[in-house]
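Report on the structure given below.
Not measured: the values here are computed from a predicted model. Counting starts at 1 for both ligands and their atoms, in listed order.
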Amino acid sequence: MNCQPTETPPPELVDIEALRERYRQERLKRLNPDATGQYIRARGKFARVYASDPHMPVIPRDPIVEERDVAILGAGWSGLLAAYHLKQAGVTTFRNIDHAGDWGGVWYWNRYPGIQCDNDAYCYLPLLEETGFMPSKKFADGREILDYMKLIAGRYGLGAHALFHTRVTGLRWDAASGRWRICTDRGDDIKARFVVMANGLLNMPKLPGIPGIGDFRGKMFHTSRWEYDYTGGSNANPVLDKLADKRVAIIGTGATAIQATPYLGRYAKQLYVLQRTPSTVDERHNPPTDPQWAASLQPGWQKARKRNFHRAAMERFARGEPDLICDIWTEINRNLSAELEAEGWPELSIQEFVARREVVDYRVMERLRARVEAMVQDRRTADALKPWYRFLCKRPASNDDFYPTFNRPNVQLIDVSDTRGVERMTQNGFVANGVEVEIDCMIFASGFEVTSDLDQRWGIDVIEGRGGVSLYDHWRDGYTTLHGIMTRGFPNLCFTGYVQSALNASTTEQMSGHTHHVAHIIQEALARGATEVEPSRQAEDEWVRHVRETAIDAQIFLRECTPSYFNGESSEKPRLYAGEPYGPGWDAFTALLQTWRDNGDLAGLVVTKTSQPAGETVPVP
Ligand code: NDP
């Protein structure tokens with residue numbers, strides 16, 4: 001398909017100075033000095049939010065005492081890809097450990113009605129060419145993704161390696177045995193030579209710290225623990241018929257709420273949508289996969305498509321490069337490329353390019369605000385649903401049913417932006433804008449711990465490296481790593497994630513790049529009979545210096561953004577990107593790692609071999 005630029009209001013109708021000022025005012029209204037402190041942890045009284053599993057019963061079992069070459073903490077995409085790459089590298093004695101009851105990570109937990117991936121499935125789902133799987137449509141359903149993850153686990157024989165419904169509570173390096181000792185909430189004692197931290201970004205639900213939240217006597221749950229027993233229906237058939245006599249409120253209008261709200265509106269007797277900051281919601285356009293197109297794909301197509309997506313969403317198109325993705329994520333660069341083409345593709349400095357991009361950004365956001373106006377009948381509601389910030393200050397959404405939901409007589413939007421959220425909860429409901437509203441059920445679409453401190457985010461009480469030093473203390477004043485993969489003082493511990501490594505527009509591509517590299521290190525270390533592998537001080541210092549010297553300052557953009565988890569909820573102290581992403585970008589990063597692997601000397605890692613016996617390992621077929 002030839003993707004055309006999307007029509008947006010002409011520049012003469014877009015008053016950029018007025019918009020800048022409006023964005024500034026809307027941001028100021030939402031700034032909250034408590035930043036991440038405004039949320040309640042899923043601990044203590046609210047531990048159930050994290051610990052409970054509405055999807056599968058937890059079967060009692062005896063504690064396990066065993067030893068493996070590798071323990072992979074997590075069985076979501078990063079854990080699955082770590083297992084896949086280890087297996088490909090010939091390492092077979094590993095174990096995925098996850099507190100979920102199966103593979104899937106976020107796709108295991110999040111089964112709320114309407115759940116779909118907001119990214120192009122032909123990019124998002126990894127290994128499509130290897131497995132021969134083809135998603136049924138552009139934006140895949142959550143169930144299809146979950147099934148595909150299980151398919152990968154089955155196809156590559158990873159299932160026998162997994163320990164589910166098991167939460168890791170402690171990780172301690174035992175120098176005497178050269179092993180990590182892993183404690184779990186099941187009383188297990190697992191020893192592993194290597195540990196891969198594959199515990200994801202969105203695994204710890206958070207609740208808004210609304211005064212009186214503990215007083216509410218009705219039903220409450222978080223969207224990542226959807227209780228179909230209460231609402232009726234199922235993930236496969238989300239007919240929420242038990243809500244027919246219920247007054248329901250949902251807190252939040254982020255990516256999750258955008259998808260779940262239309263179902264609540266359809267089935268609940270009364271629905272209140274409590275909104276603090278509106279999302280950008282474009283049309284979905286989610287056609288089924290065209291079999292002719294699928295049959296026409298040539299080897300290497302997925303890699304090429306992912307590269308195209310990354311360039312479109314996070315960098316810029318080259319002259320003549322088509323937009324293969326053609327959705328809201330790529331609109332700004334698509335439109336800008338068309339403009340540049342019409343001008344004969346002038347040479348632009350970075351500053352000039354950024355300035356041009358900003359103008360297109362205002363026009364795209366004007367288009368999205370006009371979309372609300374066209375779809376929502378009540379003027380006040382439509383006005384409240386309009387987003388006033390730059391594109392990508394919040395995660396863009398697309399959904400055809402969200403706005404029409406507000407035309408239903410049983411649905412009411414309550415704007416709580418003036419009070420920075422819901423004022424308080426009572427025994428019978430909530431208070432917003434000074435009015436108490438009685439409800440039967442409160443659903444929290446309030447997101448996850450993304451920018452809070454690592455111990456909060458990971459939920460692992462203890463991670464102790466050499467000399468009993470806590471990883472949380474080790475990184476208290478800033479990250480120190482080699483390639484974002486290992487840190488000195490924590491031998492044989494590998495990370496996957498957002499710290500001091502490059503970002504890719506597709507999270508699964510990013511995880512795949514990291515876990516491929518991790519598998520290489522582990523395979524090499526085991527082949528060399530190494531007992532300890534960790535970065536040298538010099539290599540680590542050089543990497544940290546290089547990352548900082550080449551950093552691109554995204555903070556100006558983020559500081560001007562309305563608060564979100566992208567900037568740590570405060571706009572003052574950007575946090576997600578405090579992981580210090582690698583400025584030269586994804587292609588440079590992966591090329592650097594590839595060269596490093598090709599050199600074959602594990603440069604910058606100190607590899608220690610002691611006479612310590614390897615110990616009994618448990619081979620898994
Ligand atoms: P978010 O963190 O994006 O949204 C949380 C929502 O809760 C926001 O609207 C927030 O408002 C609101 N909120 C928080 N506290 C209060 C309060 N006290 N009063 C009123 N409102 C409040 O969480 P989501 O679960 O929506 O999404 C998290 C991430 O999950 C996404 O960004 C995405 O990465 C992923 N996701 C991915 C999907 C996919 O398609 N791949 C689909 C769904 C989610 P405010 O904005 O003002 O803070």
### Residues Asp415 and Arg380 bridged, charged N to O under 4.0 Å
no

### Summary
Heavy-atom proximity to atom 43 (C) of ligand 1 ranks first, among Tyr389, Tyr39, Tyr112, for Tyr112

### Message
Quick test of your reading of the model: are Asp120 and Lys138 salt-bridged, counting only N-O distances below 4.0 Å?
### Response
yes

### Task
For Ser446, counting its heavy atoms only, list the atoms of ligand 1 lying under 4.0 Å from any of them.
5 (C), 7 (O)

#### Entry: Any Gln275 heavy atom less than 4.0 Å to ligand 1
no

### Query
Using 4.0 Å as the upper bound for N to carboxylate O, is an ion pair formed by Glu449 and Arg457?
no

### Query
With a 4.0 Å cut-off, would you call Glu129 and Lys303 a salt bridge?
no

### Message
Please tell me whether Tyr263 and Asp401 have a donor and an acceptor in their side chains that are separated by less than 3.5 angstrom.
### Response
no

### Task
Only heavy atoms count here, so choose which of Arg276, His222, Gln259 is nearest to atom 13 (N) of ligand 1.
Arg276

### Message
For Arg334 and Thr6, which I'm curious about, is there any donor-acceptor pair between the side chains at under 3.5 Å?
### Response
yes

### Task
Check ligand 1 against Lys394 and write out every atom of the ligand that is under 4.0 Å from a heavy-atom position of the residue.
45 (P), 46 (O)

#### Entry: Asp400 bridged to Arg284 by N-O distance under 4.0 Å
no

### Query
Is any N or O atom of Asn119, backbone or side chain, closer than 3.5 Å to an N or O atom of ligand 1?
no

### Message
I'd like to check which ligand 1 atoms, numbered from 1 as shown, lie under 4.0 Å from a non-hydrogen atom of Gly252.
### Response
6 (C), 7 (O), 9 (O), 12 (C)

### Query
Counting heavy atoms only, which of Leu201, Thr223, Thr256, Leu202 is nearest atom 27 (O) of ligand 1?
Thr256

### Query
Per the side chain to side chain donor-acceptor pair (under 3.5 Å) rule, which among Glu373, Glu366, Glu26 passes with Lys386?
Glu373

### Query
ligand 1 versus Ala445, non-hydrogen atoms closer than 4.0 Å: side chain, backbone, both, neither?
backbone

### Query
Which ligand 1 atoms are under 4.0 Å away from a heavy-atom of Val422?
19 (N)

### Query
Contact between Thr253 and ligand 1, counting heavy atoms under 4.0 Å?
yes

### Message
Does this structure show an ion pair linking Glu560 with Arg24, if we count only N-O contacts that are shorter than 4.0 Å?
### Response
no

### Query
Contact between Gln116 and ligand 1, counting heavy atoms under 4.0 Å?
yes

### Query
For ligand 1, which atoms sit closer than 4.0 Å to a heavy atom of Phe448?
25 (O)

### Summary
Nearest heavy atom to atom 23 (O) of ligand 1, choosing from Gly209, Pro205, Gly447, belongs to Gly447

